[in-house]
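Below you'll find the structure, written out as structure tokens, and then a few comments.
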Amino acid sequence: VDDDAVDYVSLVFDDDVDHPVKAEGGAFWSYYLDTNKLDEGRHKITVTGVDINGTPGKSVEVYWHLDRHTPKTEIHNYELGSLVSKKITLEGEVIDGNGIKSLGYSLDGSTYEEVELKYNKKENRYTFKLTIDTKELADGPQVCWFKGLDLQGSEGTSSFLFFVDNTAPDIHLFYPREDEKINGIFSVAGSAYDTIGVTQITYQLGKESGEFDLIAGNP
């Protein structure tokens with residue numbers, strides 16, 4: 001509003017005073033802002049009206065947050081699908097352009113416990129270390145779920161798959177039996193089973209030793 005009528009309205013985004021833009025209209029104005037190329041997080045709009053005599057009015061500033069993505073959790077010290085045992089420590093970070101309010105983890109996909117975060121202000125990073133006792137989990141594939149909450153209330157879920165192996169292979173000897181008498185040339189038969197899988201079966205007889213050929217899918 002101006003007593004001499006409004007000529008145009010100028011907008012400056014994120015204090016980029018070298019590249020102001022004009023809105024459409026005057027006393028009633030609008031501007032379509034394409035946010036596809038903007039970074040997530042806090043942004044600023046400075047609006048200034050100019051009358052028909054070229055006199056600018058008092059600027060108005062508005063701050064707003066772009067929240068296009070949900071928080072994402074990454075693990076840095078283990079590859080996806082790693083084989084683990086005993087106690088492990090997952091080291092990683094949770095990422096979001098609007099900052100992080102909290103991070104939770106779950107080993108059953110339903111019950112979440114909070115993870116302590118460390119914030120590096122210089123690098124703007126939220127990092128964490130999470131210790132898991134895999135002996136409390138069954139051998140085989142397991143998933144650790146992460147649920148991050150940013151400062152704008154957006155929630156994002158990430159998962160990390162790993163394989164637990166705390167049990168040694170189960171070996172059975174079918175023939176010959178322990179109390180059986182044998183002589184000459186004889187065969188030895190048995191099985192070896194493991195939830196994770198078996199990669200090698202070896203034998204030793206006196207000073208002789210060797211390795212059995214494995215057949216995929218055959219225990």
Side-chain angles (χ1 to χ4, degrees), residues 1-82 89-106 109 112-130 143-162:
V1 177
D2 189 88
D3 56 354
D4 295 324
V6 176
D7 184 16
Y8 65 91
V9 172
S10 175
L11 299 97
V12 173
F13 298 100
D14 295 327
D15 294 323
D16 187 7
V17 294
D18 294 329
H19 300 90
V21 297
K22 284 186 179 181
E24 294 184 9
F28 298 92
W29 59 273
S30 65
Y31 182 81
Y32 175 78
L33 176 62
D34 185 359
T35 64
N36 285 319
K37 295 182 179 180
L38 294 181
D39 294 330
E40 278 202 322
R42 194 168 186 249
H43 292 274
K44 177 183 177 182
I45 301 175
T46 304
V47 185
T48 307
V50 180
D51 68 15
I52 56 176
N53 298 314
T55 304
K58 184 179 179 180
S59 298
V60 176
E61 297 177 349
V62 175
Y63 292 90
W64 60 284
H65 289 263
L66 178 61
D67 191 16
R68 183 182 294 111
H69 304 290
T70 57
K72 179 182 179 182
T73 305
E74 296 180 350
I75 301 298
H76 295 159
N77 62 329
Y78 283 95
E79 296 289 337
L80 190 68
S82 293
T89 300
L90 301 179
E91 300 180 10
E93 66 179 311
V94 55
I95 305 167
D96 191 89
N98 284 296
I100 299 298
K101 182 178 181 180
S102 64
L103 176 68
Y105 84 97
S106 173
Y112 284 82
E113 297 183 25
E114 189 168 351
V115 180
E116 182 179 353
L117 295 174
K118 290 187 177 180
Y119 178 60
N120 186 320
K121 187 175 182 180
K122 185 177 180 180
E123 300 179 0
N124 192 27
R125 296 178 63 208
Y126 293 83
T127 60
F128 64 89
K129 291 183 179 180
L130 173 64
V143 176
C144 184
W145 297 91
F146 293 96
K147 185 178 291 184
L149 182 67
D150 70 16
L151 295 177
Q152 297 304 308
S154 294
E155 190 176 81
T157 303
S158 305
S159 61
F160 179 73
L161 170 69
F162 57 96

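When a residue number appears, it is its place in the shown sequence, counting from 1.
The distance from atom CZ of F162 to atom CD of E79, rounded to the nearest 0.5 Å, is 15.0 Å. L161 CG to L80 CG: the interatomic distance, rounded to the nearest 0.5 Å, is 5.5 Å. Expressed to the nearest 0.5 Å, how far CG of L151 lies from NZ of K101 amounts to 8.0 Å. Distance check: L33 CG to L38 CG gives 6.0 Å after rounding to the nearest 0.5 Å. Interatomic distance, CD of E114 versus CG of L149, reported as 10.0 Å (0.5 Å rounding). Atom CG of D150 and atom NE2 of H65 lie 10.0 Å apart (nearest 0.5 Å).
By the 4.5 Å heavy-atom criterion applied to side chains, Y31 and I45 are not counted as neighbours. Annotation: side chain of V9 is not in contact with side chain of K22 (no heavy-atom distance under 4.5 Å). E91 has its side chain out of reach of T127: every pair of non-hydrogen atoms, C-beta onward, lies at least 4.5 Å apart.
Although no hydrogens or angles enter the test, the distance criterion places no donor-acceptor pair under 3.5 Å between the side chain of T70 and the main chain of G156. Remark: the backbone N or O of G92 is not paired with any side-chain donor or acceptor of N77 at under 3.5 angstrom. No donor-acceptor distance shorter than 3.5 angstrom exists from the side chain of D67 to the backbone of G41, with no hydrogens or angles considered. Side-chain N or O atoms of D14 include none that pairs as donor or acceptor with a backbone N or O of D16 at under 3.5 Å.
Among residues at least two apart or in separate chains, side-chain hydrogen bond (donor to acceptor under 3.5 Å, both in side chains) pairs with a member in residues 2-12 are D4-N53.
Closest approach of P71 to S154, counting heavy atoms only: CD-O, 3.5 Å. Counting all heavy atoms, side chain and backbone alike, G57 lies closest to T48 at O-CG2, 3.6 Å. Of all heavy-atom pairs between R42 and N98, the closest is N-OD1, 4.4 Å. Contact between V6 and A27 at its shortest, heavy atoms only, is CB-N, 4.0 Å. Across all non-hydrogen atoms, the minimal contact from V115 to G104 is CG2-C, 4.2 Å. Summarising the geometry of L11 relative to W29, their closest heavy-atom pair is CD2-CZ3, 3.9 Å, with the distance given to 0.1 Å.
Under the side chain to side chain donor-acceptor pair (under 3.5 Å) criterion, D15 pairs with K44, sequence neighbours left out. A search for side chain to side chain donor-acceptor pair (under 3.5 Å) contacts involving S106 returns D108, not counting sequence neighbours.
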ask   = Should R68 and E40 be marked as a salt bridge (charged side-chain N to carboxylate O under 4.0 Å, His left out) after you check the CA-CA gap, both sets of side-chain angles, and the distance that decides it?
value = CA-CA 7 Å; R68 183 182 294 111; E40 278 202 322; 5.9 Å; no
message = Go through it in stages, so that I can follow the logic: the residues are Y126 and L103, the test is side chain to side chain contact (heavy atoms under 4.5 Å, CB included), and I'd like the CA-CA distance, side-chain angles, deciding distance and then a yes or no.
response = CA-CA 10 Å; Y126 293 83; L103 176 68; over 6 Å; no
task = Given side-chain hydrogen bond (donor to acceptor under 3.5 Å, both in side chains), test S59 with T46 step by step and report yes or no.
result = CA-CA 6 Å; S59 298; T46 304; over 6 Å; no
inquiry  = Go through it in stages, so that I can follow the logic: the residues are K72 and D96, the test is side chain to side chain contact (heavy atoms under 4.5 Å, CB included), and I'd like the CA-CA distance, side-chain angles, deciding distance and then a yes or no.
reply    = CA-CA 7 Å; K72 179 182 179 182; D96 191 89; over 6 Å; no
inquiry  = I'd like to know whether I100 forms a side chain to side chain contact (heavy atoms under 4.5 Å, CB included) with L117, so could you lay out the CA-CA distance, the side-chain angles of the two residues, the decisive distance to 0.1 Å, and finally the verdict.
reply    = CA-CA 9 Å; I100 299 298; L117 295 174; 3.7 Å; yes
query = Does the pair L130 and C144 meet the rule for a side chain to side chain contact (heavy atoms under 4.5 Å, CB included), with working shown?
reply = CA-CA 11 Å; L130 173 64; C144 184; 4.2 Å; yes
ask   = When you look at K118 and E116, which way does the salt bridge (charged side-chain N to carboxylate O under 4.0 Å, His left out) test go after all the steps?
value = CA-CA 7 Å; K118 290 187 177 180; E116 182 179 353; over 6 Å; no
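Between F146 and Y105, the distance from one ring center to the other does not fall under 6.0 angstrom. A centroid separation of 6.0 Å or more is found between the aromatic rings of Y119 and F128.
Crowding of E24 atom CD: a count of heavy atoms from other residues, nucleotides or ligands under 6.0 Å not exceeding 12. More than 12 heavy atoms of other residues, nucleotides or ligands shown are found within 6.0 angstrom of NE2 on H76. Other residues, nucleotides and ligands contribute only 12 or fewer heavy atoms inside 6.0 Å of the CG atom of D39.
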